[in-house]
Amino acid sequence: DTAVSQTPKYLVTQMGNDKSIKCEQNLGHDTMYWYKQDSKKFLKIMFSYNNKELIINETVPNRFSPKSPDKAHLNLHINSLELGDSAVYFCASSPGSNQPQHFGDGTRLSIL
Amino acid sequence: GEDVEQSLFLSVREGDSSVINCTYTDSSSTYLYWYKQEPGAGLQLLTYIFSNMDMKQDQRLTVLLNKKDKHLSLRIADTQTGDSAIYFCAENFGNEKLTFGTGTRLTIIP
């Protein structure tokens with residue numbers, strides 16, 4: 001029944017590795033997002049996709065590559081992980097742009 | 001620019017009302033939101049208000065919007081221990097992304 005689901009919930013890995021986080025929404029929404037929450041709880045947009053097309057890329061390093069195979073999925077692949085990538089990553093979706101966004105439970109990424 | 005500010009901490013006695021405040025710099029938002037984040041959990045959309053409204057009430061929650069002063073508030077009546085969380089206001093400033101405030105950590109005193 002989960003509306004926006006992310007996997008995995010926890011991800012612990014070493015610096016330099018490549019990892020992916022998956023997100024799926026069953027709300028029928030057209031727009032999906034990735035946000036990053038740092039250790040001070042500050043939340044910032046990373047990417048936004050509308051119907052599989054990239055709308056927002058908020059000056060994120062190109063080690064981060066989002067992929068949207070269909071409008072219900074938005075995955076995030078991260079290459080060459082760095083210590084500063086440790087954060088909670090949230091996926092969200094909305095019916096369209098400028099409409100209320102619903103968030104997943106987050107993926108807690110820790111880099112050793 | 002697009003800036004959203006909140007005070008970082010608020011302590012309230014159980015049973016009292018909590019008022020969490022937020023100020024913003026840009027008036028072009030379509031919607032203004034309040035999200036709740038409990039420890040170790042995700043972001044829960046609590047309530048939102050359309051920018052042409054002044055007030056919205058939803059059970060124990062009351063949202064007030066003062067467009068002239070660019071001020072948004074969330075009042076929680078009869079605050080319970082389960083209301084302990086971080087509360088974020090967020091605006092979309094007329095575009096697709098949400099800009100979040102720093103979050104207000106609400107602590108309930110028994």
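Here is how names work: the chains are called A, B, and so on, in the same order as the sequence lines, proteins then strands, and each is numbered from 1. Values reported hereafter were calculated over all heavy atoms of this structure, with side chains retained and with hydrogens, waters and symmetry mates removed. Treat the numbers as computed from the prediction; the structure is a model and nothing was measured.
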What part of B:Ile86 gets closer than 4.5 Å to chain A, counting heavy atoms only: side chain, backbone, both or neither?
side chain

Within 6.0 Å of NZ in A:Lys52, more than 12 heavy atoms from elsewhere:
no

Please report the shortest heavy-atom distance between A:Phe90 and B:Gly42, naming the atom on each side.
CE2-CA, 3.5 Å

Side chain / backbone / both / neither for A:Glu58 at chain B, heavy atoms under 4.5 Å
side chain

Report yes if the side chains of A:Gln101 and B:Tyr33 come closer than 4.5 Å at any heavy-atom pair, otherwise no.
no

Is chain A contacted by the side chain of B:Leu43, its backbone, both, or neither, given a heavy-atom distance below 4.5 Å?
both

Pick one of side chain, backbone, both or neither for A:Leu43, based on which atoms fall under 4.5 Å of a heavy atom in chain B.
both

Can you tell which of A:Gln99, A:Lys40, A:Lys9, A:His102 has the highest number of heavy-atom pairs within less than 4.5 Å of chain B?
A:Gln99

Select one option (side chain, backbone, both, neither) describing which atoms of B:Gln44 are under 4.5 Å from chain A's heavy atoms.
neither

Highest number of heavy-atom pairs under 4.5 Å with chain B among A:Gly106, A:Pro100, A:Ser48, A:Gly104 belongs to A:Pro100

Is there a side-chain contact (heavy atoms from CB on, under 4.5 Å) between A:Lys44 and B:Phe100? Walk through the geometry before answering.
CA-CA 7 Å; A:Lys44 192 167 164 55; B:Phe100 284 85; over 6 Å; no

Within 6.0 angstrom of B:Tyr48 OH, more than 12 heavy atoms from elsewhere:
no

Answer yes or no: is there a side-chain heavy-atom contact under 4.5 Å between B:Phe88 and A:Gln37?
yes

For the CE atom on B:Met53, are there more than 12 heavy atoms of other groups (residues, nucleotides or ligands in this structure) within a distance under 6.0 Å?
yes

